[in-house]
Amino acid sequence: MNRPEDAPAAFAAAWNAHDMNALAALFHEDASFVNRFGHYVRGVEAIVELHRPIHETIYSDSELRNDLIDIMPISDGAAVVHFWSRLTTGPAHPAGPHAIDTLILAVLTRRNENWRIQALENVTLTNPRTGESVLRP
């Protein structure tokens with residue numbers, strides 16, 4: 001990634017290709033990841049291993065669409081990026097085709113002129129009164 005604002009599109013492209021090498025290339029080796037269920041992993045290998053099984057099964061026919069919300073520079077070589085993410089599942093998912101909206105917070109840092117994700121957290125949008133997932137308008 002050449003700029004922090006490239007993160008939403010790059011993440012969606014890797015997801016939609018179901019390409020674990022492309023996914024790995026988005027993260028620093030020592031990155032951390034928290035999925036929408038609160039599962040924390042550290043290290044790019046663990047991030048890939050968290051995603052590989054679901055991309056081979058329930059999300060094998062899924063599609064991700066990301067929309068940049070904002071970028072907050074922290075320093076010359078670090079930024080926080082927020083983006084909306086809509087995951088649309090297909091028939092491979094046990095619950096059948098459906099959509100899920102999440103909000104992603106990613107911290108990107110630049111090393112050797114390359115921007116990569118240092119930390120990413122994904123939060124499912126839910127109704128606080130019922131706990132049910134909701135879609136943004």
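Fair warning: this is a prediction, and the values are worked out from it, not measured in the lab.
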Are side-chain heavy atoms of [X] and [Y] found at a separation under 4.5 Å?
X: Glu121; Y: Tyr40; answer: no
X: Asn66; Y: Phe11; answer: yes
X: Val123; Y: Thr102; answer: no
X: Leu87; Y: Trp15; answer: yes

Can you tell me how far apart [atom1] ([X]) and [atom2] ([Y]) are? Round to the nearest 0.5 Å.
X: Asp67; Y: Leu103; atom1: CG; atom2: CG; value: 11.5 Å
X: Ser62; Y: His18; atom1: OG; atom2: NE2; value: 4.5 Å
X: Trp84; Y: Leu125; atom1: CH2; atom2: CG; value: 5.0 Å
X: Ile58; Y: His93; atom1: CD1; atom2: NE2; value: 4.0 Å
X: Asn21; Y: Leu26; atom1: CG; atom2: CG; value: 11.0 Å
X: Ser133; Y: Arg36; atom1: OG; atom2: CZ; value: 6.5 Å

So does [Y] get a backbone contact from the side chain of [X], meaning a donor-acceptor N/O pair under 3.5 Å?
X: Asn122; Y: Ile104; value: no
X: Arg86; Y: Arg136; value: yes
X: His98; Y: Gly96; value: yes
X: His28; Y: Gln118; value: no
X: Asn35; Y: Phe37; value: yes
X: Arg116; Y: Met1; value: no

Discussion item. Parallel, tilted or perpendicular: which one describes the rings of His55 and His51, with boundaries at 30° and 60°?
Written reply: tilted

Is [Y] reachable from [X] through a run of I, L, V, M, F, W or Y residues, each pair having side-chain heavy atoms under 4.5 Å apart?
X: Ile54; Y: Leu50; value: yes
X: Leu120; Y: Ile71; value: yes
X: Val107; Y: Phe83; value: no
X: Leu108; Y: Met72; value: no
X: Phe33; Y: Leu105; value: no

Where do [X] and [Y] come nearest, in terms of heavy atoms and distance?
X: Pro91; Y: Pro97; result: N-CG, 4.0 Å
X: Ala78; Y: Thr109; result: CB-CG2, 4.2 Å
X: Phe27; Y: Leu23; result: CD1-O, 3.2 Å
X: Pro8; Y: Pro4; result: CD-O, 4.2 Å

Discussion item. Could you check whether atom CD of Glu49 has more than 12 heavy atoms from other residues, nucleotides or ligands sitting under 6.0 Å from it?
Written reply: yes

Discussion item. Counting only heavy atoms from other residues, nucleotides and ligands, does the tally under 6.0 Å from CG of Asn2 exceed 12?
Written reply: no

Item to complete: Test Thr89 against Tyr59 for side chain to side chain contact (heavy atoms under 4.5 Å, CB included), laying out the working first.
Response: CA-CA 6 Å; Thr89 67; Tyr59 291 153; 3.7 Å; yes

Item to complete: May I ask you to say whether Arg110 pairs ionically with Asp76, meaning some side-chain N is under 4.0 Å from a carboxylate O?
Response: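 Between Asp76 and Arg110 there is a salt bridge, with a charged N closer than 4.0 Å to a carboxylate O.
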
Item to complete: Show your working on side chain to side chain contact (heavy atoms under 4.5 Å, CB included) between Val81 and Leu68 and close with a plain yes or no.
Response: CA-CA 8 Å; Val81 178; Leu68 180 67; 3.6 Å; yes

Practice prompt. Mind running side chain to side chain contact (heavy atoms under 4.5 Å, CB included) on Ile117 and Ile47 for me, showing each step along the way?
Written response: CA-CA 11 Å; Ile117 299 168; Ile47 294 167; over 6 Å; no

